[in-house]
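A short write-up of the structure that comes next.
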Amino acid sequence: MPPADDLAAPDLDLIAPTPQLHPPLVPSVASTNAATPHDEESRDLIRRDFTHFREDPFSFLKQISLHYSGTGWRAYDNPIGQPIYYKGFTENMKARVVGAQALRNKIEELAERRTRHESEALGLPQGAETEAKRLERKRELMRQLEEVADGIAENMICKFENKRFIRGAYFLCSQLLSRTYHQGIHVSSSEVAHLRQIATMAAAKKQSLIFLPSHRSHVDYVSLQVICYRLGMVLPFVVAGDNLNFPIVGTFLQNAGAFYIRRSFGGDELYTAAVQSYIDAILQGGFNFECFIEGGRSRTGKLLPPKFGILGFVLDALLSGRVEDAWIVPVSTQYDKVIETEAYVNELLGIPKQKENLWDFLSSSKYLSLKMGRVDIRFHDAWSLRSFITDFTSKQSAASIPTAPAMRLKLLRSLGYRVLNDINAVSVVMPTSLIGTVLLTLRGRGVSKPELVSRITWLAARIRAKGGRVADFGGLTTPEVVDRGLEVLGDLVGSVDGLAEETVYAVDRFQLSFYRNMVMHLFVGETIVAASMYTRIKAGGPADTQRVPYADLLAHVDFLSRLFRGEFVFDTRGLLPNLQRTLEGLGTDRVISVTRKSSGEVDYVELHPDERLAGRENFDFYCFLLWPFIESSWLAGVSIFLLTPPTSSNPSASASSPPISQKSFEATAQLAGKTLYHQGDLSYFEAVNKETLKNAFARFREEGILVVKDGTVQIAPEWMPEREPATGGIRREGRLWRFVEKISVSRREGKNRRDSSSVGPRVLGLMERLGAELWETQAAAAAAAAAGVKPGAKKRAGAKL
């Protein structure tokens with residue numbers, strides 16, 4: 001991350017043939033106010049070159065002419081990096097892949113394994129004649145496998161050959177982006193200047209830049225390519241799913257840098273070796289490379305846990321010594337508004353995903369003239385992957401071998417989470433995220449416009465104080481930035497007319513939660529401490545009765561931190577240092593008071609008197625951020641009771657009952673959540689979010705509560721609830737019930753949760769009814785399968801939302 005002083009650096013002129021530094025085009029906030037360390041200067045890369053044909057046809061045609069002729073920077077002559085735009089480049093890369101020794105070895109291994117299996121299966125006698133036939137059969141199989149490998153390479157590799165095509169693709173994509181994101185694509189001038197320096201150094205050493213961006217939209221594919229072109233850098237080879245490789249568009253993307261891989265390799269050893277050989281060829285040639293650290297697009301707005309598939313291929317290339325070094329460049333891409341959020345909401349609510357492709361996005365007229373704000377892309381300082389591996393191994397025991405499976409996985413995890421932390425470190429918080437966060441952390445239905453501006457000013461100050469960044473809008477005032485953000489959010493936010501003052505409120509809370517979640521990584525520690533203190537504070541009463549002993553606070557913070565280990569990216573320094581730093585920060589902000597013993601150890605914490613006078617406004621803000629996730633974890637915990645086998649007169653019925661399909665279980669859990677929300681037992685509709693529920697179930701599996709095998713799920717025996725002998729109902733006791741109750745104590749107080757004696761029977765009653773139907777359906781499906789009959793799917797109408 002650039003030093004704080006560099007964040008106020010002048011803009012970089014990317015229009016000139018050779019980038020030059022010059023004063024900012026518009027006054028920055030720092031020029032009119034006292035400079036803050038994290039005011040984000042930025043530069044729009046595309047809007048200055050953009051014109052509408054209808055508004056100015058002559059300028060539009062002039063731009064086409066300049067791009068076609070390659071005038072000035074548009075010529076894209078001598079980009080920084082290894083040469084790729086020449087005829088025959090594709091064939092050279094293909095020859096490297098199919099001729100790679102590792103792939104040749106795998107082909108021979110597979111052929112040898114097959115011929116031996118055939119010989120053993122046929123029971124052929126030993127002898128020279130048999131061996132000769134076996135060798136001939138092996139050579140035949142190797143030729144067949146070579147043809148398959150050749151086809152894999154042909155379909156997979158990207159085809160960088162035509163520079164004129166790249167110029168045209170840049171013009172087309174910049175036009176589409178400019179129409180959709182009318183405020184442009186912004187970068188930090190100091191960051192891109194540093195990136196060019198690193199690219200020049202890496203090119204001289206014939207080493208690759210490995211771009212690892214966050215992934216929230218299909219636009220991510222395009223925006224980084226546009227930036228690299230505009231900066232005069234060789235475009236990266238981009239890992240893309242083969243679902244995008246369809247006629248016309250697939251060829252277009254392949255010529256623009258995409259290389260296609262399957263979503264799942266399915267144990268295909270030849271395909272795996274071909275992918276490894278291609279990645280080796282890219283890195284050995286010093287070509288730039290890009291893949292998404294999260295794997296797929298985030299449907300929730302938060303960073304997803306890292307995926308290690310492609311990252312593993314890259315790491316193996318260095319561990320094996322086939323590649324000397326490469327440079328990791330974490331990239332954050334932030335949007336005022338993400339085009340796909342409406343589709344994401346449908347997916348998260350369990351509505352079947354419609355088949356999508358990039359061509360639908362690019363060709364749909366509804367996306368060509370939207371006003372969706374701007375895109376901000378930030379680059380963390382690049383770092384050497386070889387140095388990272390060396391530092392990691394030096395900290396391990398002398399007996400540790402980096403290539404050993406356990407050590408390799410540990411290295412991969414360390415690499416993945418470092419990249420996520422670096423992405424968070426440079427991420428810029430957009431105005432729409434500020435607005436969405438404020439509107440979703442209100443106690444009431446809405447907020448006056450002046451109060452909204454005031455709360456956003458407070459939130460922006462807290463973000464900067466935490467080391468975060470807020471998008472820079474030049475000399476615009478906060479009210480003007482808020483107005484622009486409200487315009488971009490459109491009908492996600494409403495306004496009430498005819499009141500004493502203008503009042504705005506959240507209309508689509510589910511979609512707004514996507515933008516709120518973009519802020520969550522900055523306040524994870526504060527939210528967990530606040531939710532842990534809430535277990536005592538919600539009881540009310542005098543101030544001294546609301547004090548939380550440090551031991552109790554630590555225990556609950558530890559519990560919630562472990563509960564959300566798969567949901568958030570935590571600071572790597574550990575629980576105790578993070579807790580101490582969080583308490584100090586909240587104390588400095590006068591949200592809490594920390595009382596210490598004479599030994600200096602913390603005795604207890606409580607709300608600060610100033611925070612009480614302010615009506616717990618800031619404390620509640622942190623609680624509101626985490627409560628939807630607590631609700632979702634509670635729902636996941638309660639849903640486990642669905643898996644309790646039904647009562648039966650046959651004592652062995654439970655043991656003989658077929659296990660429940662994991663897919664059916666998750667769908668029923670989501671249905672239960674929707675029901676509980678509309679009945680008032682859930683405060684947040686986003687708690688039924690499919691991805692958050694899946695994360696919770698994954699954690700429960702890691703904790704040994706659930707056992708998942710072959711697409712089925714069941715409760716681990718030691719966590720199995722017991723039933724009342726007389727009634728057959730599930731007892732409100734036991735290990736699982738206590739676990740769910742421990743989650744529940746941090747939930748937001750609601751109308752159906754004040755009388756705890758009524759919650760258990762009602763919620764458990766619903767789970768028992770749905771569970772009985774689930775077990776009945778599963779048993780019917782198992783019986784039909786045993787009889788060789790395909791059962792008709794039993795459908796349940798979803799609640800109308």
Side-chain angles (χ1 to χ4, degrees), residues 1-2 191 209-217 220 224 239 289-315 326-335 338 376-385 387-389 391-392 408-430 433 463 466-469 514-528 561-575 577-578 581 625-626 629 691-692 694-695 698-699 702:
M1 178 176 172
E191 289 176 1
L209 298 183
I210 300 178
F211 294 97
L212 298 176
S214 56
H215 196 18
R216 293 188 173 96
S217 170
D220 299 334
L224 189 57
V239 180
F289 180 80
E290 175 189 348
C291 71
F292 295 104
I293 186 69
E294 302 160 273
R297 290 170 294 161
S298 170
R299 268 68 172 171
T300 62
K302 298 185 297 83
L303 281 180
L304 302 176
K307 297 295 188 295
F308 302 127
I310 297 299
L311 213 56
F313 288 117
V314 172
L315 193 63
W327 294 82
I328 302 295
V329 185
V331 184
S332 167
T333 306
Q334 301 289 334
Y335 297 85
V338 173
D376 275 57
I377 299 178
R378 295 294 183 267
F379 299 89
H380 193 279
D381 279 357
W383 38 273
S384 162
L385 182 53
S387 296
F388 174 84
I389 294 172
D391 291 344
F392 177 87
R408 177 183 177 275
L409 179 58
K410 189 176 179 182
L411 177 57
L412 266 176
R413 288 183 59 85
S414 181
L415 174 61
Y417 280 99
R418 174 170 176 181
V419 171
L420 292 187
N421 276 304
D422 286 351
I423 290 173
N424 278 336
V426 295
S427 292
V428 173
V429 179
M430 308 299 286
S433 292
I463 289 170
K466 290 284 294 181
R469 299 172 165 194
F514 183 93
Y515 302 99
R516 175 205 61 205
N517 288 345
M518 293 181 181
V519 180
M520 275 296 300
H521 67 278
L522 292 163
F523 302 111
V524 172
E526 287 81 358
T527 62
I528 288 179
S561 297
R562 287 186 288 108
L563 183 67
F564 294 121
R565 190 172 69 186
E567 192 69 54
F568 304 119
V569 179
F570 288 89
D571 192 293
T572 56
R573 282 173 282 194
L575 176 66
N578 289 339
R581 191 173 64 258
L625 284 177
L626 192 63
F629 297 95
E691 291 300 318
T692 309
K694 280 187 175 180
N695 287 341
R699 284 294 298 124
E702 291 174 5

Measure the acute angle between the ring planes of F292 and H215, then classify it against the limits of 30° and 60° as parallel, tilted or perpendicular.
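Ring orientation of F292 relative to H215: parallel.
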Whether F568 and F570 hold their rings parallel, tilted or perpendicular, with breakpoints at 30° and 60°
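Perpendicular, since the angle between the ring planes exceeds 60°.
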State, to 0.1 Å, how close [X] and [Y] come at their nearest heavy-atom pair, and which atoms those are.
X: T527; Y: L626; result: O-CD2, 3.6 Å
X: S332; Y: I423; result: CB-O, 3.8 Å
X: R297; Y: R299; result: O-NH1, 3.0 Å
X: V338; Y: S217; result: CG1-CB, 4.0 Å
X: L304; Y: E294; result: N-OE2, 2.7 Å
X: A425; Y: H380; result: CB-CD2, 4.4 Å

Would you give the length of the straight line joining atom [atom1] of [X] to atom [atom2] of [Y], rounded to the nearest 0.5 angstrom?
X: N517; Y: L625; atom1: CG; atom2: CG; answer: 9.0 Å
X: N424; Y: Y417; atom1: CG; atom2: OH; answer: 12.0 Å
X: W327; Y: D381; atom1: CH2; atom2: CG; answer: 10.5 Å
X: M518; Y: Y335; atom1: CE; atom2: OH; answer: 9.0 Å
X: L415; Y: I293; atom1: CG; atom2: CD1; answer: 6.5 Å
X: S384; Y: D391; atom1: OG; atom2: CG; answer: 9.0 Å

For S298, which residues count as a side-chain hydrogen bond (donor to acceptor under 3.5 Å, both in side chains) partner, sequence neighbours excluded?
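Partners of S298 under the side-chain hydrogen bond (donor to acceptor under 3.5 Å, both in side chains) test: none.
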Which residues pass the side-chain hydrogen bond (donor to acceptor under 3.5 Å, both in side chains) test with H521, sequence neighbours left out?
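Scan of H521 (side-chain hydrogen bond (donor to acceptor under 3.5 Å, both in side chains), adjacent residues dropped) gives none.
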May I have the step-by-step check of side chain to side chain contact (heavy atoms under 4.5 Å, CB included) for I328 and F388, ending in yes or no?
CA-CA 10 Å; I328 302 295; F388 174 84; over 6 Å; no
Pick one: which of V329, L209, I210, L212 meets side-chain contact (heavy atoms from CB on, under 4.5 Å) with F289?
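In the set V329, L209, I210, L212, the residue that makes a side-chain contact (heavy atoms from CB on, under 4.5 Å) with F289 is I210.
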Quick one: do K302 and E567 satisfy salt bridge (charged side-chain N to carboxylate O under 4.0 Å, His left out)? Show the steps, please.
CA-CA 9 Å; K302 298 185 297 83; E567 192 69 54; 2.8 Å; yes
Using the side-chain contact (heavy atoms from CB on, under 4.5 Å) criterion, which residues pair with K466? Sequence neighbours excluded.
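Counting only residues at least two positions away or on another chain, K466 forms a side-chain contact (heavy atoms from CB on, under 4.5 Å) with F523, E526.
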Would you say the side chain of [Y] lies within less than 4.5 Å of the side chain of [X], judging by non-hydrogen atoms?
X: I389; Y: L315; value: yes
X: P306; Y: L311; value: no
X: M430; Y: Y515; value: no
X: R699; Y: E702; value: yes
X: F564; Y: T692; value: no

Which residues share a salt bridge (Lys or Arg N to Asp or Glu O under 4.0 Å) with R516, sequence neighbours left out:
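If we apply the salt bridge (Lys or Arg N to Asp or Glu O under 4.0 Å) test to R516, skipping adjacent residues, the hits are E686.
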Residues that E290 engages under salt bridge (Lys or Arg N to Asp or Glu O under 4.0 Å), provided they are two or more places apart:
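E290 satisfies salt bridge (Lys or Arg N to Asp or Glu O under 4.0 Å) with no residue once adjacent residues are dropped.
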With sequence neighbours excluded, give me every salt bridge (charged side-chain N to carboxylate O under 4.0 Å, His left out) pair touching residues 411-420.
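Sorted result for residues 411-420: R418-D422.
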Any carboxylate oxygen within less than 4.0 angstrom of a Lys/Arg side-chain nitrogen, looking at R581 and D571?
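Counted as a salt bridge, because a side-chain N and a carboxylate O are separated by less than 4.0 Å.
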I'd like to know if the side chain of R378 reaches the main chain of V428, judged simply by a donor and an acceptor atom lying under 3.5 Å from each other, with no hydrogens or angles considered.
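Flag not set: sc R378 to bb V428 has no pair under 3.5 Å.
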Taking T333's backbone N and O only, do any of them form a donor-acceptor pair with S214's side chain (distance below 3.5 Å, no angle check)?
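Side chain of S214 to backbone of T333: a pair is present.
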Around atom NZ of K307, are there more than 12 heavy atoms of other residues, nucleotides or ligands at under 6.0 Å?
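Atom NZ in K307 is packed in, count exceeds 12.
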